[in-house]
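These notes are about the structure you will find just below.
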Amino acid sequence: MKKIYCLLLAFAAVACGGGQSVSGPVDLQETYEVEGVSFKMVPVSGGTFTMGAQADMRKVKGADSHHQVVLDAYGISAEPVSQAIWTAVMGKNPSSAQGDALPVDRVSWEDAEKFVKKLAKATGVPFVLPTEAMWEFASNEGVFEPLSGVREWCADSFTESPATELTRNPLYADDGSVKVVRAFASREGVAGYSKAGALTFRVAVVTGEPCPEAVVKAIVDQNPDREHVCANETVQAAGVKFNMIAVKGGTFKMGATPEQEEQAGEDEKPVHEVSVEDFEIAQTEVTVKQWLAVMGTLPIGNYEKFPDKPVINVSWYSAQMFILKLNEISGRKFRLPTEAEWEFAARGGVRSRGTRYAGSGDIASVAAYTKNTDGKPVNVRSKRPNELNIYDMCGNAWEWCQDRFAIYGQTAEPGSEWHVQRGGSCASPWDACRIANRSKMPAVNIKGTFGFRLAI
């Protein structure tokens with residue numbers, strides 16, 4: 001079976017071989033009516049999420065992998081299709097337990113497809129079955145609460161591992177007879193002709209509006225807006241205060257400089273001159289309490305009783321989603337530091353004393369690493385800061401940078417999922433905690449030592 005992931009353009013309701021298309025933007029109404037029976041639609045402005053993962057990053061049952069998805073705006077029904085609206089459109093109610101307000105069931109995927117086509121004709125609105133991505137995003141965002149004990153058809157054909165890379169408006173649209181059926185934390189494949197009790201569906205509409213520009217810049221273009229500031233400041237957002245440290249711009253030698261050469265990898269060479277503009281960087285890694293205040297829930301492996309530990313099990317994409325919400329709350333333009341900014345700040349900026357680690361030649365004084373921890377992160381600020389009064393730039397948690405990974409002197413491949421991490425962690429040996437050491441990871445990866453810090 002050939003696996004195809006198609007990108008739905010802003011005005012396409014379905015992709016890859018058929019279906020209706022939207023000829024222009026749809027002005028979504030809150031309520032629609034057919035034969036005197038009404039149903040409600042909920043607008044979804046679009047955005048980004050990690051598909052196949054729950055809010056705490058546990059995998060959705062039946063999803064072998066997870067990947068990042070960007071969705072343009074759409075609407076989805078507030079409730080599964082009721083028996084009343086089904087009867088108004090189709091004329092006969094097949095449900096196992098009769099009741100106008102109850103969800104229709106004992107309908108196949110093929111039946112659901114026939115229904116949405118007839119509903120579209122009756123209303124003049126291009127209704128479709130929601131893609132699995134639409135369904136999961138709306139569920140995750142609290143647009144609707146999936147009914148207990150009920151499973152819902154999605155438009156997609158079923159595959160165990162849908163994608164590993166970033167996709168936009170995905171629809172798995174081959175001709176497979178097994179289709180996706182969803183519940184809150186599980187997905188499964190069911191033959192499209194199957195009819196069973198408690199097996200129902202919702203309807204959706206692609207509105208033709210793009211997702212928020214900030215999402216496109218951060219996730220798709222990977223070039224977020226920049227705020228040109230350089231001051232020591234205390235920021236309060238979502239009730240939590242954190243410090244940003246001014247880093248005066250300058251020119252420095254990046255890579256395996258003499259104090260870094262022992263155990264230096266080939267990816268740290270050649271040493272080259274880099275200039276950075278003025279910027280600000282967070283005094284500490286993003287903490288558990290910061291994450292919880294902004295996101296409302298913690299990734300697996302983080303605990304409210306340890307509010308001052310760095311948040312972990314964070315992918316590059318998760319960090320971007322945090323930043324998007326933080327910027328919405330604060331009105332600022334926070335971002336991840338570039339790799340050059342990170343190294344310049346770790347070296348102490350224009351105040352650098354040329355040490356192997358951030359603030360000292362003695363790793364134990366400035367870094368939580370494998371020899372002085374049990375392999376788990378410690379509270380931020382547990383060690384000495386560097387020349388700029390920045391903590392934990394070596395050890396504690398690996399820190400994502402904005403950049404895609406590339407060998408020095410080369411350009412990263414367009415669309416590469418490999419991103420830079422810096423600093424080493426509580427589970428790293430001394431050489432991994434050196435300032436110049438580089439690591440690369442797929443942007444979707446999480447681990448109990450992966451965190452990040454903010455820049456602006």
Side-chain angles (χ1 to χ4, degrees), residues 218 224-254 274-294 307-311 314 319-320 322-355 357-360 365-368 377-403 422-423 433 435 451-456:
D225 286 337
R226 185 181 180 109
E227 189 174 324
H228 295 277
V229 292
C230 184
N232 293 325
E233 58 174 320
T234 298
V235 178
Q236 180 166 325
V240 175
K241 292 181 179 179
F242 57 94
N243 295 326
M244 299 296 294
I245 302 297
V247 183
K248 183 68 177 175
T251 299
F252 74 107
K253 292 189 181 299
M254 185 173 180
V274 177
S275 296
V276 297
E277 299 177 7
D278 295 354
F279 66 101
E280 295 175 16
I281 196 166
Q283 189 176 42
T284 72
E285 295 152 331
V286 171
T287 63
V288 167
K289 67 182 176 184
Q290 279 179 272
W291 182 281
L292 185 60
V294 171
D308 294 319
K309 287 189 175 184
V311 68
V314 175
Q320 296 292 349
F322 172 90
I323 291 168
L324 285 166
K325 287 197 175 183
L326 176 63
N327 288 348
E328 186 177 345
I329 291 168
S330 66
R332 301 295 296 272
K333 294 178 181 177
F334 291 101
R335 55 185 176 83
L336 290 177
T338 66
E339 185 178 16
E341 287 173 337
W342 190 97
E343 184 169 324
F344 185 62
R347 287 177 177 273
V350 296
R351 300 180 185 175
S352 177
R353 295 191 294 267
T355 56
Y357 309 104
S360 177
S365 66
V366 293
V378 300
N379 287 351
V380 298
R381 297 189 184 89
S382 293
K383 300 295 181 179
R384 283 171 38 196
N386 75 348
E387 297 93 324
L388 295 176
N389 202 31
I390 304 170
Y391 292 84
D392 299 304
M393 294 203 79
C394 291
N396 218 10
W398 284 102
E399 299 180 17
W400 290 104
C401 294
Q402 179 63 34
D403 312 60
R422 286 301 203 105
C433 297
I435 289 173
F452 67 108
R453 77 175 65 225
L454 299 169
I456 197 168

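No experiment lies behind these values; they were computed from the predicted model shown. Note that these values count all heavy atoms, side chains included, but never hydrogens, waters or copies made by symmetry.
Side-chain contact between P224 and Q402 is present, with heavy atoms from C-beta onward closer than 4.5 Å. Side-chain contact between M393 and I281 is present, with at least one heavy-atom pair separated by less than 4.5 Å. When side chains are defined from C-beta on, R335 does not count as touching D225, because their heavy atoms never get closer than 4.5 Å. In this structure, F252 and M254 have side chains that are in contact, with non-hydrogen atoms separated by less than 4.5 Å. Looking only at side-chain heavy atoms (C-beta outward), T287 and P307 stay at 4.5 Å or farther from each other.
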Taking distance alone, no hydrogens or angles, what donor-acceptor pairs closer than 3.5 Å link side-chain atoms of residues 232-242 to residues at least two apart or in another chain?
{"from": "N232", "atom 1": "OD1", "to": "A246", "atom 2": "N", "distance (Å)": "2.8"}
{"from": "E233", "atom 1": "OE1", "to": "R332", "atom 2": "NH1", "distance (Å)": "3.2"}
{"from": "E233", "atom 1": "OE2", "to": "R332", "atom 2": "NH2", "distance (Å)": "3.1"}
{"from": "T234", "atom 1": "OG1", "to": "N243", "atom 2": "OD1", "distance (Å)": "2.8"}

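Heavy-atom minimum distance, I390 versus Q283: CG2-O, 3.7 Å.
Expressed to the nearest 0.5 Å, how far OH of Y357 lies from NZ of K383 amounts to 13.5 Å. With values rounded to the nearest 0.5 angstrom, E280 atom CD is found 11.0 Å from E341 atom CD. Annotation: the span from Y391 atom OH to I245 atom CD1 amounts to 9.0 Å, rounded to 0.5 Å. Here the straight-line distance linking atom CG of N396 with atom CZ of R381 works out to 12.0 Å at 0.5 Å rounding. Separation of atoms CG (L388) and NZ (K248) is listed at 13.0 Å; rounding is to 0.5 Å. From R422, atom CZ reaches atom SG of C401 across 6.5 Å, with rounding to the nearest 0.5 Å.
Each of W400, F334, W342, F322 was compared with F452 under the ring pair (Phe, Tyr, Trp, His ring centres under 6.0 Å) criterion, and only F322 meets it.
Atom CZ of R351 has 12 or fewer heavy atoms from other residues, nucleotides or ligands within 6.0 Å.
Among residues two or more places apart in sequence or in another chain, the side-chain hydrogen bond (donor to acceptor under 3.5 Å, both in side chains) test is passed with W398 by none.
Proximity of a side-chain donor or acceptor of N386 to a complementary backbone N or O of R347 within less than 3.5 Å is not detected.
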